[in-house]
Amino acid sequence: MRTAQITRTTKETDICLNLCLDGGTVDVHTGIGFFDHMLTAFAFYGGLGLEVSVNGDLEVDGHHTVEDVGIVLGQAVKEALGDRKGIRRYASAFIPMDEALCFTALDFSNRPFLVFDAEMPQPMIGAYDSCLTEEFMRAFAVNSGLTLHTKCHYGKNAHHITEALFKSLGVAVKEAVTITGTGVTSTKGVL
């Protein structure tokens with residue numbers, strides 16, 4: 001099983017995260033209801049086992065919690081992938097959600113980069129600042145060694161746009177981490 005357990009404690013957040021790339025229990029408690037919903041959707045469509053418990057400084061706002069979960073989740077993915085031998089590596093997915101259509105393309109290249117192109121029509125989704133989706137994606141990409149391009153082609157509802165982004169990320173991650181061979185998928189021979 002490709003697993004990782006990461007704990008991270010700062011003055012702003014205390015996070016415990018368990019990840020299994022090959023499936024398992026999904027149980028997410030960040031203190032931000034909509035973010036829990038997005039991480040649960042990501043794990044479900046990614047075929048992941050994901051348990052997350054966070055105590056964050058939500059009296060300030062959700063920024064530290066969302067960004068730090070991205071950091072820890074990225075670290076867990078990187079650890080669980082190990083030397084990345086045998087993984088498909090590349091994947092992409094279009095996901096529609098009502099009026100919104102979003103796309104994710106990614107490469108577990110070990111060269112982190114984010115291109116985020118998704119305008120959010122509403123600033124808040126419940127207690128979740130819609131601008132935090134980009135912060136999460138950046139932290140996740142940088143800490144997992146992921147080249148990540150994510151785009152909303154169109155949409156009018158920030159909830160639908162954000163959910164389609166997280167679901168497309170999950171679908172693409174599931175495909176990219178699938179074992180398809182024995183060697184490293186790179187002409188260099190290493191990722």
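From a predicted model like this one, the values you see are computed outputs, not experimental measurements. The analysis underlying the following values was restricted to heavy atoms, covering all of them including side chains, and did not include hydrogens, waters or symmetry mates. In this chain, residues are counted from 1 in sequence order.
To the nearest 0.5 Å, atoms CE (M38) and OH (Y128) are separated by 8.0 Å. One distance of note links CG of L73 with CZ of F140; it measures 5.0 Å at 0.5 Å rounding. How far NE2 of H149 is from CG of D107: 9.0 Å, rounded to the nearest 0.5 Å. Note that the CD atom of E12 and the CG atom of D68 stand 6.5 Å from one another [nearest 0.5 Å]. Distance OG/S53 to CG/D27: 8.5 Å, rounded to 0.5 Å. To the nearest 0.5 angstrom, F42 atom CZ is 14.0 Å from E163 atom CD.
A distance-only check finds no donor-acceptor pair linking the side chain of E67 to the backbone of E135 [under 3.5 Å]. Side-chain atoms of T162 do not come within 3.5 Å of backbone N or O of H159 as any donor-acceptor pair. When atom types are taken as modelled, the side chain of T13 and the backbone of I15 share no donor-acceptor pair closer than 3.5 angstrom. A donor-acceptor pair under 3.5 Å is formed between the side chain of D36 and the backbone N or O of T30. Panel note: side chain T147, backbone R111; a donor-acceptor pair is recorded below 3.5 Å. The backbone N or O of F108 sits less than 3.5 Å from a side-chain atom of R84, completing a donor-acceptor pair. In this structure, S130 contributes its side chain and P123 its backbone to a donor-acceptor pair below 3.5 Å. In terms of modelled atom types and a separation under 3.5 Å, the side chain of E79 and the main chain of A4 share no donor-acceptor contact.
Between L19 and I6 the shortest side-chain heavy-atom distance does not fall below 4.5 Å. At a threshold of 4.5 Å between non-hydrogen side-chain atoms, the residues K85 and T182 do not count as touching. Counting heavy atoms from C-beta on, the side chains of L21 and L48 come closer than 4.5 Å. With contacts defined as side-chain heavy-atom distances shorter than 4.5 Å, the pair L169/L106 qualifies. Side-chain atoms of T7 and V72, non-hydrogen and from C-beta on, never get closer than 4.5 Å to each other. I179 is listed as a side-chain neighbour of I87, based on a closest heavy-atom distance under 4.5 Å. In this structure the side chain of R89 never reaches within 4.5 angstrom of the side chain of T180, judged on heavy atoms. A 4.5 Å side-chain heavy-atom check between R88 and E175 finds at least one atom pair inside the cut-off.
Taking every heavy atom of both residues into account, A141 and P112 meet most closely at O-CB, 3.4 Å. For the residue pair G56 and T65, the shortest heavy atom distance occurs at CA-OG1, 3.5 Å. Between M1 and C20, the shortest heavy-atom distance links the atoms CE-SG, 3.2 Å. Across all their heavy atoms, S92 and A105 have their closest contact at CB-CA, 3.9 Å. The shortest heavy-atom contact between A118 and C152 is CB-CB, 3.8 Å. Summarising the geometry of T104 relative to A172, their closest heavy-atom pair is CG2-CB, 4.1 Å, with the distance given to 0.1 Å.
For K174, the NZ atom is loosely surrounded, since the number of other residues' heavy atoms within 6.0 Å does not exceed 12. More than 12 heavy atoms of other residues, nucleotides or ligands shown are found within 6.0 angstrom of CZ on F116.
Among pairs with a residue in residues 165-188, those fulfilling ring pair (Phe, Tyr, Trp, His ring centres under 6.0 Å) read F136-F166, at least two apart in sequence or across chains.
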inquiry  = Show, in sequence, the C-alpha distance, side-chain angles and deciding distance for C102 and T150, and conclude whether the side-chain contact (heavy atoms from CB on, under 4.5 Å) test is met.
reply    = CA-CA 7 Å; C102 295; T150 189; 5.9 Å; no

inquiry  = Apply side-chain contact (heavy atoms from CB on, under 4.5 Å) to residues K151 and H153 and explain how you reach the verdict.
reply    = CA-CA 6 Å; K151 178 177 180 61; H153 286 274; 3.8 Å; yes

query = Which is it for L17 and E51 under the side-chain contact (heavy atoms from CB on, under 4.5 Å) test, yes or no, and what are the steps along the way?
reply = CA-CA 6 Å; L17 186 145; E51 297 174 78; over 6 Å; no

Candidate pair N157 and D98, rule side-chain contact (heavy atoms from CB on, under 4.5 Å), full reasoning = CA-CA 9 Å; N157 182 300; D98 297 345; over 6 Å; no

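Residues M120 and M97 do not share a hydrophobic cluster, defined by chaining ILVMFWY side chains whose heavy atoms lie under 4.5 Å apart. With hydrophobic clusters built from ILVMFWY side chains whose heavy atoms lie under 4.5 angstrom apart, V52 does not share a cluster with Y45. Linking Ile, Leu, Val, Met, Phe, Trp and Tyr whenever their side-chain heavy atoms come within less than 4.5 Å puts L81 and L148 in one cluster. When hydrophobic clusters are built by joining Ile, Leu, Val, Met, Phe, Trp and Tyr residues whose side-chain heavy atoms come closer than 4.5 Å, directly or via intermediates, I71 is not grouped with F35. Cluster annotation: I125 and I95 are assigned to distinct hydrophobic clusters (Ile/Leu/Val/Met/Phe/Trp/Tyr, side-chain heavy-atom contacts under 4.5 Å, transitive).
With sequence neighbours excluded, the residues forming a salt bridge (Lys or Arg N to Asp or Glu O under 4.0 Å) with D22 are R2, listed by chain and number.
Taking the six-membered ring for Trp and thresholds of 30 and 60 degrees, F103 and F94 have ring planes inclined between 30 and 60 degrees apart.
With D57 as the fixed residue, the side chain to side chain donor-acceptor pair (under 3.5 Å) test singles out one of K11, H64, H63: H64.
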